[in-house]
Trainee: 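Starting off with a structure, shown below.
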Amino acid sequence: GVRILELGQIIAGTYGCQVLSDLGDELLKIEPQEGDLGRIPSVAPYKGQSGLFLTFNRNKQSVVINLKSEEGRGLFYDLVKISDVVLDNFRPGVLERLQIDYDTLNKINPRIIQCSVTGFGGEGEYKDLPALDLNIQAISGHMAITGEPGRPPVRVGVPLADISGGIYSSKGILAALFDRERTGKGRRIEISMFDTMLHLLTYMGTMWLSNGEVPQPPGSAHDYSVPWQAFATSDGYIVVATRQEGFWRKLCVVLDHPELADDPLYADNATRVKNRKVVVPRLEEIFRTRTTADWLARLREADVPAAPVNNLDAAFAEPPVAEREMIVEYEHPQAGKVRLPGNPIKMAGMGKTISRPAPMLDEHTDAVLQALLNLSAEEVAMLRKMVEDLENPRGA
């Protein structure tokens, strides 16, 4: 029963709406005539389509409206009257130039919720800086704590800054919808990707702000726990995490070296952290003696926290993937079958994740204008002709 008008581009302005569409919201993707930039087929190319677009725009309808024209804005305003949320990731000032800022939309529909995902917020010294995912990962400190010690900076393997904009925008929208049920009023939401990445620093941010402690890139290791990292086996890698001393003692038995548990150098976690340069090489030597599968079977039998370091082929073959329906698929008119990660939010009575194809550009414009705004086929055709005349004036 919730209708969202998405003006989002690429990831930061589309991922949050993908989350909400998985929960059943109706998503109208309002696109310019050239379409969402995420449609560029060189971005994760798949059968002439953008794999990025195929992923972040499932369950959405594509409606092409020129917001720079008076007629286009009029149609958009009419849709705002019967919608609940408008989401964008434009640069600051664009909403005002297009005359679709919150003050304008609130007069049209006082219940409307407008959410903008920006790089650094709508005001301030950095508001106009480009906010690509890489830039935000770097400036927020994440690249300085990712990767191996002494090596060049590394970004997180997925576009975490863009994705965090989507995660927090969906949370903000849900909170605003809940609040509106009590007050009857909409509100303005602003998500800064820089803010979200600072928030995701969590306790590392706390330790710097409170203790002046600057973390270094730990690789797979942990600053405050040993062992807690990846170890090479004879044929791959496995991770082991022994936060509690009980797990450490079990691990020593699994390693066939129970004496390590009573060695003064390994006595407790604080001591192991202090003696990391002695403890870790000894464990590395032992782990190289068996295969990943062998170690994993032994560690799981002893209830020691451990996991294989999977590539995606093995990750999507793990039993919980099928058990929890974490692969969905749809049939795209040009790309054919598309398989993609499912919805992680499981709720009683929700049923299976809806997975309709990412839309072709302009695919649903006529149907939406006729069904929601009660325009006739003739009126829609007249609007299309008006656009064509503007693009191809006589004598041009």
Side-chain angles (χ1 to χ4, degrees), residues 4 6-23 25 27 29 36-40 42-46 49-60 85 87-91 115-121 126 129-147 153-176 189-205 310-312 315-316 321 324 326-328 338-346 353 355 358:
I4 299 177
E6 180 199 286
L7 300 170
Q9 298 272 315
I10 313 181
I11 299 175
T14 61
Y15 181 58
C17 286
Q18 183 218 297
V19 171
L20 295 171
S21 78
D22 282 345
L23 298 177
D25 290 359
L27 262 297
K29 187 175 181 68
D36 176 354
L37 291 172
R39 289 183 179 273
I40 298 172
S42 61
V43 182
Y46 178 71
Q49 303 292 314
S50 162
L52 182 152
F53 187 86
L54 295 175
T55 300
F56 293 110
N57 293 282
R58 67 170 180 239
N59 302 328
K60 301 178 185 180
V85 180
L87 182 139
D88 74 274
N89 62 322
F90 296 144
R91 282 194 178 194
C115 178
S116 293
V117 180
T118 66
F120 299 94
Y126 284 2
L129 289 181
L132 300 179
D133 174 84
L134 183 66
N135 301 38
I136 303 296
Q137 285 204 34
I139 197 172
S140 65
H142 280 263
M143 286 181 64
I145 57 172
T146 304
V154 176
R155 73 174 179 89
V156 178
V158 295
L160 184 60
D162 283 339
I163 289 171
S164 69
I167 291 172
Y168 284 89
S169 65
S170 63
K171 292 167 71 172
I173 288 168
L174 289 171
I189 303 168
E190 186 180 86
I191 305 294
S192 154
M193 292 158 59
F194 182 63
D195 292 353
T196 65
M197 291 295 276
L198 292 180
H199 189 252
L200 289 176
L201 289 172
T202 61
Y203 70 88
M204 289 185 143
N310 284 338
N311 208 325
L312 296 196
F316 279 104
V321 176
R324 298 184 58 77
M326 279 307 296
I327 297 177
V328 297
V338 178
R339 304 177 76 228
L340 59 166
N343 174 22
I345 302 172
K346 315 295 184 184
T353 300
S355 190

Trainee: To the nearest 0.5 Å, tell me how far Gln9 CD sits from Arg39 CZ.
Mentor: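 It is 10.0 Å, given to the nearest 0.5 Å.
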Trainee: Are side-chain heavy atoms of Cys115 and Ile191 found at a separation under 4.5 Å?
Mentor: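 A side-chain contact under 4.5 Å exists here.
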Trainee: Tell me if a side-chain donor or acceptor on Lys60 pairs with a main-chain N or O of Ala358 at a distance below 3.5 Å.
Mentor: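 Side chain of Lys60 to backbone of Ala358, a donor-acceptor pair under 3.5 Å: no, none is there.
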Trainee: Can you tell me how far apart OG1 (Thr55) and CG (Asn57) are? Round to the nearest 0.5 Å.
Mentor: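 So the OG1 of Thr55 and the CG of Asn57 are separated by 9.0 Å.
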Trainee: May I ask you to test the Leu23-Ile345 pair for a side-chain heavy-atom distance under 4.5 Å?
Mentor: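 Leu23 reaches Ile345 side chain to side chain.
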Trainee: In terms of the angle between their ring planes, are Tyr15 and Phe56 parallel, tilted or perpendicular, with boundaries placed at 30° and 60°?
Mentor: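 Judged by the thresholds at 30° and 60°, the geometry between Tyr15 and Phe56 is perpendicular.
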Trainee: Leu340 versus Val328: any side-chain heavy-atom pair under 4.5 Å?
Mentor: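 Contact flag for Leu340/Val328 side chains = yes.
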Trainee: Return the CD1 to CE distance between Ile163 and Met197, rounded to the nearest 0.5 Å.
Mentor: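 One finds 9.5 Å between CD1 of Ile163 and CE of Met197.
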Trainee: Side chains of Tyr168 and Ile173: does their closest heavy-atom pair fall under 4.5 Å?
Mentor: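 The answer is no, as the side chains (C-beta and beyond) never meet within the 4.5 Å cut-off.
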Trainee: Please determine whether side chain to side chain contact (heavy atoms under 4.5 Å, CB included) holds for the pair Leu7 and Lys29, giving the CA-CA distance in whole Å, both sets of side-chain angles, and the decisive distance to 0.1 Å.
Mentor: CA-CA 6 Å; Leu7 300 170; Lys29 187 175 181 68; over 6 Å; no
Trainee: If you measure from CG on Leu129 to CG on Asn135, what distance do you get to the nearest 0.5 Å?
Mentor: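 It is 8.5 Å, given to the nearest 0.5 Å.
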Trainee: Distance check, rounded to the nearest 0.5 Å: Leu160 atom CG versus Met193 atom CE?
Mentor: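 Answer rounded to 0.5 Å: 9.5 Å.
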Trainee: Does the side chain of Asp36 reach to within under 4.5 Å of the side chain of Thr14, using non-hydrogen atoms?
Mentor: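 Touching, per the 4.5 Å side-chain cut-off.
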Trainee: Excluding sequence neighbours, so at least two apart, what forms salt bridge (Lys or Arg N to Asp or Glu O under 4.0 Å) with Arg339?
Mentor: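 For Arg339 the salt bridge (Lys or Arg N to Asp or Glu O under 4.0 Å) partners, ignoring immediate neighbours, are Glu329.
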Trainee: Quick check: closest heavy atoms across Cys17 and Leu27, and the distance to 0.1 Å?
Mentor: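 The answer is CB-CD1, 3.5 Å.
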Trainee: Test side chain to side chain contact (heavy atoms under 4.5 Å, CB included) on Ser50 and Ile40 and set out the steps.
Mentor: CA-CA 6 Å; Ser50 162; Ile40 298 172; 5.9 Å; no
Trainee: So, the side chain of Ser170 versus the backbone of Val19: is there a donor-acceptor pair under 3.5 Å, distance only?
Mentor: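 No, Ser170 side chain to Val19 backbone: no donor-acceptor pair under 3.5 Å.
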Trainee: Return the minimal non-hydrogen interatomic distance between Asn89 and Gly8, and the atom names on each side.
Mentor: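 Heavy atoms of Asn89 and Gly8 come nearest at OD1-CA, 3.3 Å.
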Trainee: How about Ile189 and Ser169: do any of their side-chain heavy atoms sit closer than 4.5 Å?
Mentor: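 They are not in side-chain contact.
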Trainee: Just by modelled atom types, is the Leu54 backbone N or O under 3.5 Å from a matching donor or acceptor in the Gln49 side chain?
Mentor: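 No; judged by distance alone, with no hydrogens or angles, the pair does not exist.
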Trainee: So, for Ile11 and Pro159, which heavy atoms are closest and what is the spacing to 0.1 Å?
Mentor: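 Smallest heavy-atom distance, with atoms named: CD1-CG, 3.6 Å.
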Trainee: Using salt bridge (Lys or Arg N to Asp or Glu O under 4.0 Å) as the criterion, list what pairs up with Asp22, not counting sequence neighbours.
Mentor: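 So Asp22 forms a salt bridge (Lys or Arg N to Asp or Glu O under 4.0 Å) with Arg58.
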Trainee: Under the side chain to side chain contact (heavy atoms under 4.5 Å, CB included) criterion, do His142 and Met204 qualify, and how do the steps go?
Mentor: CA-CA 10 Å; His142 280 263; Met204 289 185 143; over 6 Å; no
Trainee: Evaluate the side-chain proximity of Phe53 to Val43: yes if any heavy-atom separation is below 4.5 Å, no if none is.
Mentor: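 Of all side-chain heavy-atom pairs linking Phe53 with Val43, none is under 4.5 Å.
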Trainee: For a quick test of reading the model, state the closest non-hydrogen atom pair linking Arg155 to Met143 and the distance between them.
Mentor: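 Arg155 and Met143 have their closest heavy atoms at CA-CG, 3.9 Å.
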Trainee: Rounded to the nearest 0.5 Å, how far apart are OG1 of Thr118 and CZ of Phe194?
Mentor: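 Rounded to the nearest 0.5 Å, the OG1-CZ separation comes out at 11.5 Å.
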Trainee: Between the side chain of Asp133 and the main-chain N/O of Asp162, is any donor-acceptor distance below 3.5 Å?
Mentor: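 Checked: pair present.
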Trainee: Can you give me the closest heavy-atom contact between Gln18 and Ser21, atom names plus distance?
Mentor: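 For Gln18 versus Ser21, the nearest heavy atoms are O-OG, 2.8 Å.
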Trainee: Do the non-hydrogen side-chain atoms of Arg91 and Pro130 ever get within less than 4.5 Å of each other?
Mentor: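 SC-SC contact between Arg91 and Pro130 confirmed.
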Trainee: For a side chain to side chain contact (heavy atoms under 4.5 Å, CB included) check, start with the C-alpha distance between Phe120 and Ile136, then their side-chain angles and the critical distance, and finish with the verdict.
Mentor: CA-CA 9 Å; Phe120 299 94; Ile136 303 296; 3.6 Å; yes
Trainee: Considering the options Thr202, Thr196, Leu201, Leu200, which one meets the side-chain contact (heavy atoms from CB on, under 4.5 Å) requirement together with Leu198?
Mentor: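 That would be Leu201; it is the only one of Thr202, Thr196, Leu201, Leu200 passing the side-chain contact (heavy atoms from CB on, under 4.5 Å) with Leu198.
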